[in-house]
Amino acid sequence: QAKRAGGNTLCFFNTDMQTSVLERASLEADLHKALERNELALHYQVQVDHQGVTTGVEALLRWYHPQRGWVSPATFIPLAEENRLIVPIGYWVLRSACEQLAKWSHQATYATLSISVNVSSVQFQQPDFVHDVEALLAETLAPPSRLVLEVTESLLMCEPVRVRNTMLKLRARGIRFALDDFGTGYSSLSYLKRLPLDELKIDQSFIRELLTDKTDAAIVDTTILLAVSLGLTVVAEGVEKKEQLDWLRGHGCYRYQGYLFGRPTPIEYLFESY
Ligand code: C2E
Ligand code: MG
Ligand code: MG
Ligand code: MG
């Protein structure tokens, strides 16, 4: 089936593609309503140190769709970035995380925990991003030193001076920055010099076959050395096995996140075993 899509452009599609376009459109329409309908939730996944002590959590967005059930962020975040819904959604995520930090700040057991929040490059580039974050901190009374913003290498496709300035302003408030999914982007290593980072997260794709794939092991080893020599905290993502943990610990990585320690969990069940 071929259709004329205006001008000289011929647009071909088959039934499968048509369904997925419709499917996308309907998902997108539903996402518009998700915020006001209270369908979004944050789950939290612990990060632990080499002694097994929980140092913080990462906030991970979940969407409970009334018909589809749980929709993966891998599906709806890219959609939300395209139509910029990620801006209000990301704001909601930040607000929820700040409210949680403020609650914890009054409880001795939890007061030292940090919350890491994923920030989309689209959201980060909003002219009022710094203002919004500062307003949220002021309103919620969350301790800024417990907030970690996770950015990705895709930020480096944006205007570097502006990105750096935005980070410096937030960092002056005590907020920390983590580079997420390290090694999966396209950018050069020079940004490690340019950007004021505190933490580097090794992507789970390198951890998965760490014990059997020599290339992955070499990449992880080198990344740890690089991070340590730059004075960055290095966090391994996707740690599922004790053997991976032992390898990482033996190679100088002392922060971990993964199913071995806990899955992303609603806040009320997070520390159940404590
Ligand atoms: P990410 O920030 O790299 O988050 C880590 C992902 O790895 C999460 O997937 C988590 O559930 C998963 N994970 C953790 N431990 C393990 C493990 O041991 N094994 C395996 N196989 N997976 C593990 P999730 O929750 O599906 O999120 C996917 C991505 O969606 C995130 O990757 C992040 O890029 C994005 N995302 C999630 N929440 C938000 C948000 O609030 N805002 C934005 N902008 N992006 C978000
Ligand atoms: Mg992340
Ligand atoms: Mg990651
Ligand atoms: Mg990821």
Side-chain angles (χ1 to χ4, degrees), residues 31 34-35 39-48 54 56-64 69-100 114-126 129 132-133 136 147-155 176-185 197-211 216 220 223 227 233-245 247-248 253 255-267 270:
L31 191 55
L35 251 184
E39 292 166 6
L40 298 180
L42 281 187
H43 286 188
Y44 292 89
Q45 186 179 34
V46 295
Q47 297 181 340
V48 305
T54 300
V57 298
E58 178 174 3
L60 292 159
L61 191 56
R62 297 291 180 260
W63 177 19
Y64 193 80
W70 294 105
V71 185
S72 159
T75 306
F76 71 83
I77 299 274
L79 206 66
E81 284 178 329
E82 263 171 61
N83 62 25
R84 307 189 70 81
L85 267 177
I86 194 66
V87 176
I89 290 175
Y91 186 75
W92 178 85
V93 171
L94 263 173
R95 174 188 292 279
S96 311
C98 285
E99 285 169 351
Q100 190 55 53
S114 60
I115 298 185
S116 298
V117 174
N118 294 285
V119 177
S120 157
S121 298
V122 177
Q123 185 188 4
F124 188 91
Q125 283 182 92
Q126 286 293 295
F129 183 66
D132 285 352
V133 175
L136 276 180
L147 183 61
V148 180
L149 300 183
E150 295 195 359
V151 297
T152 62
E153 291 168 34
S154 70
L155 252 198
R176 282 170 290 158
F177 282 93
L179 188 62
D180 203 359
D181 305 340
F182 181 75
T184 61
L197 294 165
D198 302 277
E199 193 177 292
L200 202 148
K201 300 187 80 174
I202 306 177
D203 192 66
Q204 53 176 291
S205 60
F206 301 112
I207 306 297
R208 202 172 301 129
E209 274 138 44
L210 180 63
L211 302 167
D216 285 341
V220 173
T223 304
T233 302
V234 58
V235 182
E237 293 193 281
V239 180
E240 296 184 357
K241 300 192 189 99
K242 175 74 167 60
E243 292 74 22
Q244 293 168 329
L245 169 65
W247 191 101
L248 288 160
C253 175
R255 266 316 151 82
Y256 327 93
Q257 195 180 329
Y259 296 165
L260 181 64
F261 309 98
R263 297 198 171 234
T265 308
I267 195 77
L270 188 61

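Please read these numbers as outputs of a predicted model, since none were measured by experiment. Just so you know, ligand 1 is whichever comes first in the structure, and atom 1 is the first atom listed for that ligand.
- Residue contacts with ligand 1, taken as heavy atom pairs separated by less than 4.0 Å, do not involve Lys201 at all.
- Contact analysis leaves Gly90 out of contact with ligand 1, as no non-hydrogen atom separation drops below 4.0 angstrom.
- Between Phe129 and Leu94, the closest heavy-atom pair is CE1-CD1, 4.0 Å.
- Judged by the shortest distance from any of its heavy atoms, Arg208 lies outside the 4.0 Å radius around the atoms of ligand 1.
- Against a heavy-atom cut-off of under 4.0 Å, Glu240 is close to the following atoms of ligand 1: 17 (C), 18 (O), 19 (N), 20 (C), 21 (N).
- Less than 4.0 angstrom separates some heavy atom of Pro264 from each of these atoms of ligand 1: 11 (O).
- Residue-level proximity to ligand 1 for His43 is absent, since no heavy atom of it falls below 4.0 angstrom.
- Angle subtended at the Mg ion (ligand 2) by Asp180 OD2 and Asn118 OD1: 90°, rounded to 10 degrees.
- Residue-ligand proximity, Gln45 to ligand 1, at heavy-atom distances under 4.0 Å covers atoms 14 (C), 15 (N).
- Of all the atoms in ligand 1, the ones that sit under 4.0 Å from a non-hydrogen atom of Pro73 are 24 (P), 25 (O), 26 (O), 27 (O), 28 (C), 30 (O), 37 (C).
- Within the listing of ligand 1, atoms 41 (O) sit less than 4.0 angstrom from a heavy atom of Val93.
- Ranked by closest heavy atom to atom 46 (C) of ligand 1, the top entry among Ile77, Leu260, Ile86, Leu40 is Ile77.
- Atoms of ligand 1 lying under 4.0 Å from at least one heavy atom of Asp181, given by number and element, are 3 (O).
- Atoms of ligand 1 lying under 4.0 Å from at least one heavy atom of Asp180, given by number and element, are 1 (P), 2 (O), 3 (O).
- Taking CD1 of Ile202 as the reference point, atom CZ of Phe182 lies at 8.5 Å (rounded to 0.5 Å).
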Taking distance alone, no hydrogens or angles, what donor-acceptor pairs closer than 3.5 Å link side-chain atoms of residues 74-82 to residues at least two apart or in another chain?
{"unit_1": "Glu81", "atom_1": "OE2", "unit_2": "Ser120", "atom_2": "OG", "d": "2.9"}
{"unit_1": "Glu82", "atom_1": "OE1", "unit_2": "Arg24", "atom_2": "NH2", "d": "2.7"}

task: Could you please spell out the steps behind the side chain to side chain contact (heavy atoms under 4.5 Å, CB included) verdict for Glu39 and Trp63?
output: CA-CA 6 Å; Glu39 292 166 6; Trp63 177 19; 2.9 Å; yes
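- Remark: Arg84 pairs with no residue by the salt bridge (charged side-chain N to carboxylate O under 4.0 Å, His left out) rule, at least two apart or across chains.
- Between Phe261 and Tyr256, the ring-plane angle classifies as parallel under the 30° and 60° cut-offs.
- Counting only N and O atoms by type, the side chains of Glu58 and Gln45 include no donor and acceptor under 3.5 Å apart.
- With a 4.0 Å cut-off on non-hydrogen atoms, Gln204 touches ligand 1 through its side chain and not its backbone.
- Among the atoms of Asp181, no N, O or S atom is found under 2.8 Å from the Mg ion (ligand 2).
- The shortest heavy-atom distance from Glu58 to ligand 1 is under 4.0 Å.
- Under 4.0 angstrom from ligand 1, the non-hydrogen atoms of Leu61 come from both its backbone and its side chain.
- Considering CG of Asp180 and CG of Leu149, their distance stands at 11.5 Å, rounded to 0.5 Å.
- Between the side chain of Asp198 and the main chain of Phe177, a donor-acceptor pair closer than 3.5 Å is present.
- Side-chain N or O atoms of Glu199 include none that pairs as donor or acceptor with a backbone N or O of Arg176 at under 3.5 Å.
- Take the N/O/S atoms of Glu150: the one nearest the Mg ion (ligand 2) is OE1.
- Taking the N/O/S atoms of Glu58 in turn, the shortest distance to the Mg ion (ligand 2) belongs to OE2.
- Listed by number with element, the atoms of ligand 1 under 4.0 angstrom from any heavy atom of Val239 are 18 (O).
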- request: Begin from the C-alpha positions of Asp181 and Glu237 and carry the test side chain to side chain contact (heavy atoms under 4.5 Å, CB included) through to its verdict.
  value: CA-CA 8 Å; Asp181 305 340; Glu237 293 193 281; 3.4 Å; yes
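- Between Glu237 and ligand 1, at least one N/O pair is under 3.5 Å apart.
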task: Go through Val151 and Leu179 one step at a time and tell me if the side chain to side chain contact (heavy atoms under 4.5 Å, CB included) criterion holds.
output: CA-CA 5 Å; Val151 297; Leu179 188 62; 4.3 Å; yes
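- Between the Gln123 side chain and the Val119 main chain, no donor and acceptor come within less than 3.5 Å of each other.
- Closest heavy-atom approach to atom 43 (C) of ligand 1 within the set Val119, Asn118, Thr75: this belongs to Asn118.
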